[in-house]
Amino acid sequence: MDFIWNRITDWLKEILVGGIMGNLQGLFDQVNTQVAGIAGQVGTTPQAWNGGVYSMIRSLSDQVILPIAGVILAIVMTMELLQLVMEKNNMHDFETWVFFKWMFKTFCAVMIVTNTWDIVMGVFDLAQGVVNAAAGVISSDTSLELGEVVANLEARLMEMEIGPLLGLWFQSLFVGVTMNALTICIFVVIYGRMVEIYTVTSLAPLPMATMMNREWGQMGQNYLRSLFALGFQAFLIIVCVAIYAVLVRSIATDGDVASAIWSCVGYAVLLCFTLFKSGSVAKGIFGAH
């Protein structure tokens, strides 16, 4: 009877171990692929990320938004002239130099509006330079294969009892679903940031038209802060990936199979959370609303 029971036990172990190894095979490939491509995605300027979308957004900005910005600029600078004239004791202490001051501010405002696209793209070019410099310093190698992390993985699994093996098999199934969800989350963060950049830059002339007004100028300043936050969010994303790469390499010191699996999942969840938070952190740093 013991011989038969041992044969049945070995047969069940082989089935469970085969199932576990099959579930773990390439389990983190999708996440690794997404993470490995993050540096290339966030280090790309809007014009290099997708030329077709970039051309469409620029055409909309120049042909639709820029004329509206011109009307807003005319209204804002007219209000600025009235303020400059009337603030001198209701025109009793009127001085002609205020016209030169107004002409200079108007000239600066027109230059800002007409060169809005160059200013906006300059912000992202600056951010890209920082990201590329950071990518050369930090490590972004996130390649992970549990068979390499845990030595003699299949032999260790064969030494386990049927109960723990059955639990580990269910865990590996659940982890597979979790990693697919995390892959989608990483995709949403990276591509969502680029979509946000395109939508924000499409309206750039409107807030930039208010830059030279004392009352309305806060709109343009907040817009510039949001641009810098979006640009340097890429740097924070690179830092998140670097932290994840260091944590993943530390899993090699873990000898327990289940603990190693859940450590990988935990670090991937942590990476997704920090990626989602990077936008709000960047806005908090630059004071963007």
Side-chain angles (χ1 to χ4, degrees), residues 20 23-44 46 49-50 124 127-128 130-132 134-135 137-150 168 170-200 226 228-254 256-286 288:
I20 294 171
N23 292 335
L24 297 181
Q25 186 70 32
L27 179 63
F28 298 94
D29 287 352
Q30 290 184 344
V31 173
N32 291 338
T33 302
Q34 288 287 345
V35 173
I38 285 178
Q41 293 288 342
V42 300
T44 304
W49 192 77
N50 190 302
F124 292 107
Q128 183 194 20
V130 174
V131 170
N132 292 337
V137 175
I138 64 179
S139 173
S140 59
D141 183 13
T142 61
S143 58
L144 177 64
E145 183 62 47
L146 283 178
E148 300 174 359
V149 170
V150 182
L168 191 58
F170 280 112
Q171 291 180 47
S172 63
L173 285 178
F174 177 76
V175 169
V177 176
T178 303
M179 299 313 293
N180 288 330
L182 293 179
T183 302
I184 296 174
C185 290
I186 296 174
F187 176 87
V188 169
V189 172
I190 302 305
Y191 282 79
R193 172 180 172 271
M194 292 306 301
V195 173
E196 183 178 2
I197 288 175
Y198 285 129
T199 54
V200 169
S226 65
F228 276 100
L230 276 173
F232 283 90
Q233 181 188 1
F235 175 78
L236 298 181
I237 291 175
I238 290 294
V239 173
C240 293
V241 173
I243 295 173
Y244 173 73
V246 174
L247 293 176
V248 163
R249 286 198 298 271
S250 69
I251 297 175
T253 61
D254 198 336
D256 183 62
V257 179
S259 179
I261 294 174
W262 286 106
S263 295
C264 297
V265 176
Y267 293 151
V269 172
L270 178 63
L271 172 65
C272 288
F273 177 76
T274 52
L275 290 180
F276 273 111
K277 291 292 291 182
S278 62
S280 58
V281 171
K283 290 180 180 179
I285 292 173
F286 288 95

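The analysis underlying the following values was restricted to heavy atoms, covering all of them including side chains, and did not include hydrogens, waters or symmetry mates.
Atom CZ of Phe232 is surrounded by more than 12 heavy atoms from other residues, nucleotides or ligands within 6.0 Å.
In this structure, CD in Gln233 is found 11.5 Å from CD1 in Ile238, a value given to the nearest 0.5 Å. To the nearest 0.5 Å, the span separating SG on Cys272 from NZ on Lys277 amounts to 14.5 Å. Within the model, atoms CG of Leu275 and CG of Leu270 stand 9.5 Å from one another, a figure rounded to the nearest 0.5 Å. Here CD1 of Ile237 is found 10.5 Å from CZ of Phe276. Values are rounded to the nearest 0.5 Å. One distance of note links OH of Tyr198 with CZ of Arg193; it measures 10.5 Å at 0.5 Å rounding. In this structure, the separation between CZ on Phe286 and CG on Leu230 is 10.5 Å, given to the nearest 0.5 Å.
In summary, of the residues considered (Ile190, Val188, Ile184, Val189), a side chain to side chain contact (heavy atoms under 4.5 Å, CB included) with Ile186 occurs for Ile190 alone.
Proximity of the aromatic rings of Trp49 and Tyr191 is defined here by a centroid distance below 6.0 angstrom, and this criterion is met.
What you find for Phe124 and Pro46 is that their closest heavy atoms are CB-CD, 3.8 Å. Between Val131 and Ala234, the shortest heavy-atom contact is CG2-CB, 3.5 Å.
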